[in-house]
Amino acid sequence: MPWPLLHPPSLPDPPGRFGALRRHDIHTGIDLYCPIGTSVLSIEPGRVVRIEPFTGAHVPPPDSSPWWNDTWAVLVEGVSGVFVYGEVVPLVREGQEVAAGAVIGRVDVPVLKRDKGRPTVMLHLEQMRAGSRRTVWWRRGEAQPEGLLDPTGVLEALYGMGR
């Protein structure tokens, strides 16, 4: 299985990890920091089951986030469930079959409109159970959303990485 970005693999620092507490929510994925223009690759073969607005003002209320730039999420279902490749520009279409290593998107903008001293250009990677068709918001004080999985173990197992 290929690494999802065309740059050396590394896991994020604590604010970019799965389950990190944030001001208004709990982080639902892993942020893999990269340069603008980085191609995003499918981790495993599968089918693009959904493309949806992910961040920014174009996300429907109540989850709209006008302080972020508009980005998209590509949901690919394969043998490990559904991988969500968020904060990207899609280069595939819904229903398309993709091979492991196929370019499915590109990281083209910083997610935050304002620099707060932290990396703002990244692939946000999530994993969900098979059959999932929408991303979820994990608000503080709520249980982990049904179907949301921690992708950290998959990346560690595939690439021999530790925290």
Do the side chains of V84 and V109 join up, straight or via other hydrophobic residues, at under 4.5 Å, putting them in one cluster? no
How far apart are the C-alpha atoms of E44 and S80, what are their side-chain angles, what is the distance that settles it, and do they pass the side chain to side chain donor-acceptor pair (under 3.5 Å) test? CA-CA 8 Å; E44 62 185 18; S80 301; 2.9 Å; yes
Describe, in one word, how the ring planes of H124 and H27 are oriented to each other, choosing from parallel (under 30°), tilted (30 to 60°) and perpendicular (over 60°). perpendicular
CZ/R17 to OG1/T152 distance, rounded to the nearest 0.5 angstrom? 8.0 Å
Might you confirm whether atom CZ of R133 has over 12 heavy atoms from other residues, nucleotides or ligands at distances under 6.0 Å? yes
Might you work through the side chain to side chain contact (heavy atoms under 4.5 Å, CB included) test for D25 and W138, ending with a clear yes or no? CA-CA 6 Å; D25 63 1; W138 187 0; 5.7 Å; no
May I ask whether V88 and I36 are part of the same hydrophobic cluster, defined by side-chain heavy atoms of I, L, V, M, F, W, Y residues being less than 4.5 angstrom apart, directly or through others? yes
Of all the heavy-atom pairs spanning R140 and R22, show the shortest one and how long it is. NH1-O, 2.6 Å
Heavy-atom closest pair (P90 atom, I51 atom, distance to 0.1 Å) is CG-CG2, 3.6 Å
Indicate yes or no: does D63 engage R139 in a salt bridge with an N to O separation below 4.0 Å. yes
V40 vs V107 side-chain heavy atoms within contact, under 4.5 Å: yes
Exam field: side chain Y85 to backbone P4, donor-acceptor pair closer than 3.5 Å: no
Can a donor-acceptor pair be found between the side chains of T135 and E52 at a distance below 3.5 Å? yes
Carefully, step by step, assess E146 and R129 under the rule salt bridge (Lys or Arg N to Asp or Glu O under 4.0 Å). CA-CA 9 Å; E146 179 68 27; R129 285 196 186 108; 2.9 Å; yes
Could you state the interatomic distance from CZ (F83) to CD1 (I104), rounded to the nearest 0.5 Å? 10.5 Å
From L75 atom CG to F54 atom CZ, the distance as rounded to the nearest 0.5 Å: 9.0 Å
Do V103 and L41 touch side chain to side chain, with heavy atoms closer than 4.5 Å? yes
V98 reachable from L5 in the ILVMFWY side-chain graph, under 4.5 Å edges: yes
When every non-hydrogen atom of S65 is compared with those of G56, the smallest separation belongs to OG-N, 2.8 Å
Same cluster or not: V136 versus V59, using hydrophobic residues (I, L, V, M, F, W, Y) connected whenever any side-chain heavy atoms lie under 4.5 Å apart? no
What one should report as the nearest heavy-atom pair of L125 and P151 is O-CG, 3.7 Å
Rounded to the nearest 0.5 Å, how far apart are CZ of R47 and CD of Q96? 11.5 Å
Backbone of L148 reached by a side-chain donor or acceptor of E126 within 3.5 Å: no
Give me the atom names and distance for the closest heavy-atom approach of V49 to S132. CG2-O, 4.2 Å
According to a 4.5 Å side-chain heavy-atom criterion applied to Ile, Leu, Val, Met, Phe, Trp and Tyr, with indirect links allowed, do V89 and Y33 form part of one hydrophobic cluster? no
Does the side chain to side chain contact (heavy atoms under 4.5 Å, CB included) test come out yes or no for V76 and V82, once each step is laid out? CA-CA 5 Å; V76 178; V82 177; over 6 Å; no
May I have the step-by-step check of side chain to side chain contact (heavy atoms under 4.5 Å, CB included) for W137 and E142, ending in yes or no? CA-CA 10 Å; W137 195 297; E142 294 180 351; over 6 Å; no
Establish, from distance only, whether the side-chain atoms of T55 and T71 form a donor-acceptor pair under 3.5 Å. yes
Within a strict 4.5 Å, meaning less than it, do heavy atoms of the V48 and R93 side chains meet? no
Could you check E87 against L123 for side chain to side chain contact (heavy atoms under 4.5 Å, CB included), going step by step and ending with a plain yes or no? CA-CA 6 Å; E87 300 172 4; L123 166 65; over 6 Å; no
Between G37 and D108, which heavy-atom pair has the shortest distance, and what is it? CA-OD1, 3.7 Å
